[in-house]
Amino acid sequence: MLDQITHLFRLQAIVEEGSLRRAAERLNLTQPALSRSLAQLEAHFGRPLLERHARGVRPTLFGERVLSESLRMMRHWEVAEQELMSDRAIGKAYLRIGAGPMWRPAILPELLVDMQRRFPKIVFELRNSRYATSLTDLLEGRLDVLFTGVTIDDPQDFRLVALALTKVINNVMAREDHPIFAARDAAGAVPPERLLDYPWLVHSELPIYQATTQHGLFERLGREPDIRLSCESLHSTLSILQRSDCLCLLPDAAVLATSSPRIVPVPVNLNYRHARTGVIYREELSDWAPVRQLIALCKERFHFENPPETGPSDQQ
């Protein structure tokens with residue numbers, strides 16, 4: 001088994017370098033030795049792992065699957081090694097956490113401060129998750145835990161555990177002294193058509209906000225909003241909202257920390273649907289103490305005795 005792991009790590013180097021020659025130089029091996037490793041792997045699996053092209057080599061479809069599994073195993077071995085050697089002064093272990101825009105400013109900072117006190121030898125790396133690659137990053141060990149909308153493309157994937165923690169409510173947001181609030185009727189609601197009187201800002205980190213902003217208003221009012229700005233950074237999005245008459249569709253939790261002026265929901269009914277959000281992690285990390293504690297803190301934070309139903313939703 002250890003021989004196969006060595007061969008898998010060598011396969012990773014070949015794919016990353018794009019050629020056997022460059023991989024051999026990187027690993028300080030001879031090219032024939034690297035070729036023998038590749039041949040043994042292909043004989044073991046009974047299928048080709050690489051194909052040649054004009055500029056070198058690239059993985060076959062099956063080779064991509066093998067490489068994905070080897071990356072996951074490498075990260076699992078790193079975690080196991082950190083646990084086995086935790087009583088030695090060999091530096092700190094790492095927990096790689098990916099998070100969507102709702103989680104980063106409003107929820108995770110408090111949890112991570114608590115986690116750092118409990119696990120002073122762990123470095124908690126908080127990363128912006130990317131909509132298109134977050135689940136692949138999780139499966140291949142570039143992330144260990146992912147806070148996002150609870151969605152798994154392949155629900156049969158036994159390697160992942162998904163836990164829905166709460167529901168996110170998306171609302172039209174504006175600064176608290178925005179002129180649109182002067183249009184409230186006797187019941188305190190803003191007529192939906194007044195949303196077309198102002199420029200719109202799209203928080204573009206997640207594609208769903210662009211589509212929901214355009215189609216939601218068109219379905220209700222027969223016209224698309226006047227989108228003037230598109231901003232990937234949530235921090236910049238909130239800063240622009242505080243300084244302009246722009247409107248923006250955002251989850252409630254994303255604006256909790258704003259002040260002077262605050263960003264608040266506009267009281268208008270557009271029937272935007274709620275989205276479930278929670279945590280996804282690799283099943284093999286379930287028994288690692290930092291992951292267990294982080295999940296426990298999340299359950300406590302969201303009063304998990306009555307969890308929401310699980311199922312696919314938009315990433316948050």
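Because only heavy atoms are used, hydrogens play no part in the values below, and waters and symmetry mates are left out as well, while side chains stay in.
Between Leu297 and Asp114 the shortest side-chain heavy-atom distance falls below 4.5 Å. When side chains are defined from C-beta on, Asp226 counts as touching Arg228, because their heavy atoms get closer than 4.5 Å. The shortest distance between side-chain heavy atoms of Ile97 and Leu112 falls below 4.5 Å. Looking at heavy atoms from C-beta onward, Ser286 lies out of side-chain contact with Arg292 at the 4.5 angstrom threshold. Under the 4.5 Å side-chain criterion, counting only non-hydrogen atoms from C-beta, Gln12 is in contact with Leu67. A 4.5 Å side-chain heavy-atom check between Arg58 and Leu50 finds every atom pair outside the cut-off. Residues Cys248 and Thr237 have side chains in contact (heavy-atom distance under 4.5 Å, counting atoms from C-beta outward). Side-chain contact between Phe9 and Thr6 is absent, with no heavy-atom pair separated by less than 4.5 Å.
For Gln31, the CD atom is densely surrounded, since the number of other residues' heavy atoms within 6.0 Å is greater than 12. Within a 6.0 Å radius of CZ in Phe45, other residues, nucleotides and ligands contribute more than 12 heavy atoms. By the neighbour-count criterion of 12 heavy atoms within 6.0 Å, atom CZ of Arg26 is densely surrounded, having more than that number from other residues, nucleotides or ligands.
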Requested in this report: Show your reasoning for whether side-chain contact (heavy atoms from CB on, under 4.5 Å) applies to Val202 and Leu229.
Outcome: CA-CA 6 Å; Val202 171; Leu229 294 163; over 6 Å; no
Report task. Show the numbers, then the answer: is there a side-chain contact (heavy atoms from CB on, under 4.5 Å) between Ile14 and Val57? Result -> CA-CA 8 Å; Ile14 295 171; Val57 296; 3.7 Å; yes
Requested in this report: Would you please test Trp288 and Glu284 for side-chain contact (heavy atoms from CB on, under 4.5 Å) and show each step?
Outcome: CA-CA 8 Å; Trp288 191 25; Glu284 63 207 27; over 6 Å; no
Report task. Using the salt bridge (Lys or Arg N to Asp or Glu O under 4.0 Å) rule, take Asp245 and Arg175 through it: C-alpha gap first, then chi angles, then the decisive distance, then the call. Result -> CA-CA 8 Å; Asp245 285 347; Arg175 57 185 170 86; 2.4 Å; yes
Requested in this report: Take Ile280 and Val161 through the side-chain contact (heavy atoms from CB on, under 4.5 Å) test and state the conclusion after the steps.
Outcome: CA-CA 6 Å; Ile280 310 175; Val161 178; over 6 Å; no
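The line from CG of Leu249 to CD of Gln210 is 11.0 Å long, rounded to the nearest 0.5 Å. Gln242 contributes atom CD, which lies 13.0 Å from atom NE2 of His178 (distance to the nearest 0.5 angstrom). To the nearest 0.5 angstrom, Leu20 atom CG is 11.5 Å from Glu25 atom CD. Within the model, atoms CG of Leu165 and CD1 of Ile107 stand 8.5 Å from one another, a figure rounded to the nearest 0.5 Å. Atom OG1 in Thr213 sits 10.5 Å away from atom CD in Glu224 (nearest 0.5 Å). We find the CD-NE2 distance between Gln40 and His7 to be 3.5 Å, quoted to the nearest 0.5 Å.
Hydrophobic clustering, with ILVMFWY side chains joined whenever heavy atoms are under 4.5 angstrom apart, groups Leu95 together with Tyr281. Cluster annotation: Leu38 and Leu27 are assigned to the same hydrophobic cluster (Ile/Leu/Val/Met/Phe/Trp/Tyr, side-chain heavy-atom contacts under 4.5 Å, transitive). Using a 4.5 Å cut-off between side-chain heavy atoms of Ile, Leu, Val, Met, Phe, Trp and Tyr, with links allowed through other members, Val255 and Ile240 fall into the same hydrophobic cluster. Note on Phe119: it clusters hydrophobically with Val279, by side-chain heavy-atom contacts below 4.5 Å among ILVMFWY residues. Both Leu217 and Val190 are members of a single hydrophobic cluster when ILVMFWY side chains are connected at heavy-atom separations under 4.5 Å.
Pairing each heavy atom of Arg10 with each of Leu34, the nearest pair is CB-CD1, 3.7 Å. In terms of heavy atoms, Ser230 sits closest to Leu201 at N-CD1, 4.1 Å. Scanning both residues, Ser233 and Ser236, for their nearest heavy atoms gives OG-N, 3.1 Å. Nearest approach of Pro192 to Leu221, heavy atoms of both residues: O-CD1, 3.4 Å. In terms of heavy atoms, Trp200 sits closest to Leu195 at NE1-O, 3.0 Å. Minimum interatomic distance between Cys298 and Leu111 (heavy atoms only, all atoms of both residues): SG-CD1, 3.8 Å.
For the side chain to side chain contact (heavy atoms under 4.5 Å, CB included) test with Leu138, the passing option among Thr148, Leu160, Val145, Asp144 is Leu160; the others fail.
In terms of modelled atom types and a separation under 3.5 Å, the side chain of Ser244 and the main chain of Cys246 share a donor-acceptor contact. A donor-acceptor pair under 3.5 Å is absent between the side-chain atoms of Arg47 and the main chain of Thr60, judged by distance alone. Here the side chain of Thr30 pairs a donor or acceptor atom with the backbone of Ala33 at under 3.5 angstrom. A distance-only check finds no donor-acceptor pair linking the side chain of Asn171 to the backbone of Met173 [under 3.5 Å]. Judged by distance alone, the side chain of Ser129 and the main-chain N or O of Ser134 form no donor-acceptor pair under 3.5 Å.
Using bins of under 30°, 30° to 60° and over 60° for the plane-to-plane angle, the ring pair His203/Tyr209 lands in the tilted bin.
Residues meeting the side chain to side chain donor-acceptor pair (under 3.5 Å) test with Arg243, sequence neighbours left out: Ser239. Take Glu205 and apply the side chain to side chain donor-acceptor pair (under 3.5 Å) test, not counting sequence neighbours, and it matches Arg104. Qualifying side chain to side chain donor-acceptor pair (under 3.5 Å) partners for Arg262, counting only residues two or more places apart in sequence or in other chains: Glu176.
Ionic pairing of Arg72 and Glu69 is present here: one or more N-O contacts between side-chain nitrogen and carboxylate oxygen are shorter than 4.0 angstrom.
Here the two rings, on Phe302 and Trp103, have centers that are under 6.0 Å apart.
With 3.5 Å as the limit, one finds a donor-acceptor pair spanning the side chains of Ser68 and Glu140.
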